[in-house]
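Contents: one structure, followed by commentary.
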Amino acid sequence: MNTSTRSTGRTVWVAGRAMAVFTLMLGIGYTLVITGVGQLILPAQANGSLVRDGDGEPVGSALIGQPFTDADGAPLPEYFQPRPSAAGDGYDGGASSGSNLGPENDDLIASITERKAQVAELNGVTEDEVPADAVTASGSGLDPHISPEYAAIQIDRVAAERGLDAEQVRELVADHSTGRTLGYLGEPVVNVLELNLALDELEG
């Protein structure tokens, strides 16, 4: 075996050992450490911010919206409704996206007009009272929140459907509302899944 062949063999052996060591350290060890730290310090967030019902069963995530509709896709009147979703067939975490349609797109204008009429009819309000988030999807298509204004126009309908006092439902909305981050970032929001779960638990 000549010197060149031996040198190449040593180089390959050293490179192979380095690759194995760094694969164990960074590919496996680092992953296990970060996973362990996440489970120790922020277990809820590390496991998907799951929301559970009264029996402890997961019913969704506090970070991902979901529809509250019947088998035909019609909104269930006893539940607060989320904003529309353009992610896949709706709230698809594997296809997160907005509609990507511009404000002057004819299809977008038509869908907003149709949604506005439907939301107004469902909640017994005028179309002028329907807020923007009731008829437009978020950029991700997964937003689990609605504006306090959209929640407000749904209170009377949900209360009537469930035989509850409107003020009681209004208090639940307030309990599941979040203000601006640090007092000035973003807008106040209401988590729809957590609010609807609280309604079910109230009646259960």
Side-chain angles (χ1 to χ4, degrees), residues 48-49 51 59-162 164 166 169-181 183-200:
S49 299
V51 176
V59 294
S61 170
L63 303 178
I64 300 178
Q66 60 180 269
F68 290 88
T69 56
D70 61 20
D72 297 322
L76 294 169
E78 68 271 26
Y79 287 105
F80 281 85
Q81 294 299 309
R83 68 186 303 176
S85 172
D89 292 330
Y91 312 100
D92 182 356
S96 174
S97 71
S99 68
N100 294 326
L101 299 177
E104 297 182 2
N105 181 275
D106 290 338
D107 291 338
L108 179 62
I109 293 171
S111 67
I112 288 176
T113 301
E114 181 181 0
R115 288 171 183 163
K116 184 176 289 188
Q118 292 172 343
V119 171
E121 181 180 4
L122 176 65
N123 294 287
V125 299
T126 66
E127 292 188 17
D128 290 340
E129 295 177 88
V130 176
D133 64 308
V135 296
T136 56
S138 65
S140 69
L142 306 177
D143 192 348
H145 302 103
I146 58 175
S147 66
E149 292 77 17
Y150 188 21
I153 68 170
Q154 301 187 63
I155 289 174
D156 288 341
R157 184 246 306 160
V158 172
E161 288 290 332
R162 292 177 176 265
L164 298 172
V169 177
R170 190 170 288 106
E171 289 176 1
L172 278 180
V173 171
D175 290 342
H176 293 86
S177 299
T178 304
R180 291 180 172 87
T181 303
Y184 68 96
L185 295 175
E187 295 294 332
V189 291
V190 181
N191 190 291
V192 178
L193 173 59
E194 293 178 349
L195 175 57
N196 284 335
L197 184 60
L199 283 166
D200 286 343

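Keep in mind it's a predicted model, so treat the numbers as computed, not measured.
Using modelled atom types, one side-chain atom of Arg83 and one backbone atom of Thr136 make a donor-acceptor pair closer than 3.5 Å. Under a 3.5 Å cut-off, the side chain of Asn196 and the backbone N or O of Phe80 do form a donor-acceptor pair. Under a 3.5 Å cut-off, the side chain of Glu104 and the backbone N or O of Ile109 do not form any donor-acceptor pair. Counting only distance, with no hydrogens or angles, the side chain of Ser96 and the backbone of Gly93 share no donor-acceptor pair below 3.5 Å. Side-chain atoms of Asp70 come within 3.5 Å of backbone atoms of Asp72 as a donor-acceptor pair (strictly under, hydrogens ignored). Using a distance-only test at 3.5 Å, with no hydrogens or angles considered, a donor-acceptor pair links the side chain of Asp133 to the main chain of Ser147.
In terms of heavy-atom proximity, Arg115 sits nearest to Ala137 at NH1-N, 4.5 Å. Across every non-hydrogen atom of Tyr91 and Gly65, the tightest pair is CB-O, 3.3 Å. Here the shortest heavy-atom pairing between Pro188 and Pro148 reads O-CD, 3.2 Å. What you find for Ala86 and Gly98 is that their closest heavy atoms are CB-C, 3.7 Å. A pairwise comparison of heavy atoms in Leu193 and Ser61 identifies CD2-O, 3.7 Å as the closest pair. Counting all heavy atoms, side chain and backbone alike, Ala159 lies closest to Ala166 at CB-CA, 3.8 Å.
You'll find the side chain of Leu164 stays beyond 4.5 Å of the side chain of Leu172, heavy atoms only. In this structure, the side chains of Tyr150 and Val119 come closer than 4.5 Å at one or more pairs of heavy atoms. Contact check for His145 versus Leu195: no side-chain heavy atoms found under the 4.5 Å cut-off. Two residues are said to be in side-chain contact when any heavy atoms from C-beta on lie closer than 4.5 Å; Leu185 and Arg180 fail this criterion.
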Checking side-chain contact (heavy atoms from CB on, under 4.5 Å) for the pair Asp200/Tyr79: CA distance, chi angles, key distance, verdict?
CA-CA 9 Å; Asp200 286 343; Tyr79 287 105; 2.9 Å; yes
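One distance of note links CG of Asn105 with OG of Ser99; it measures 7.5 Å at 0.5 Å rounding. Taking CG from Leu122 and CG from Leu76, the interatomic distance works out to 10.0 Å, rounded to the nearest 0.5 Å. How far NZ of Lys116 is from OG1 of Thr126: 9.5 Å, rounded to the nearest 0.5 Å. Here the CG atom belonging to Asp143 is positioned 10.0 Å from the CG atom belonging to Leu63, to the nearest 0.5 angstrom. If you take CD on Glu121 and CD on Glu127, they are separated by 10.0 Å, rounding to the nearest 0.5 Å.
A side-chain N or O of Gln154 and one of Arg157 form a donor-acceptor pair less than 3.5 Å apart.
Under a cut-off of 6.0 angstrom, the local environment of CG in Asp89 is sparse, with at most 12 non-hydrogen atoms contributed by other residues, nucleotides or ligands.
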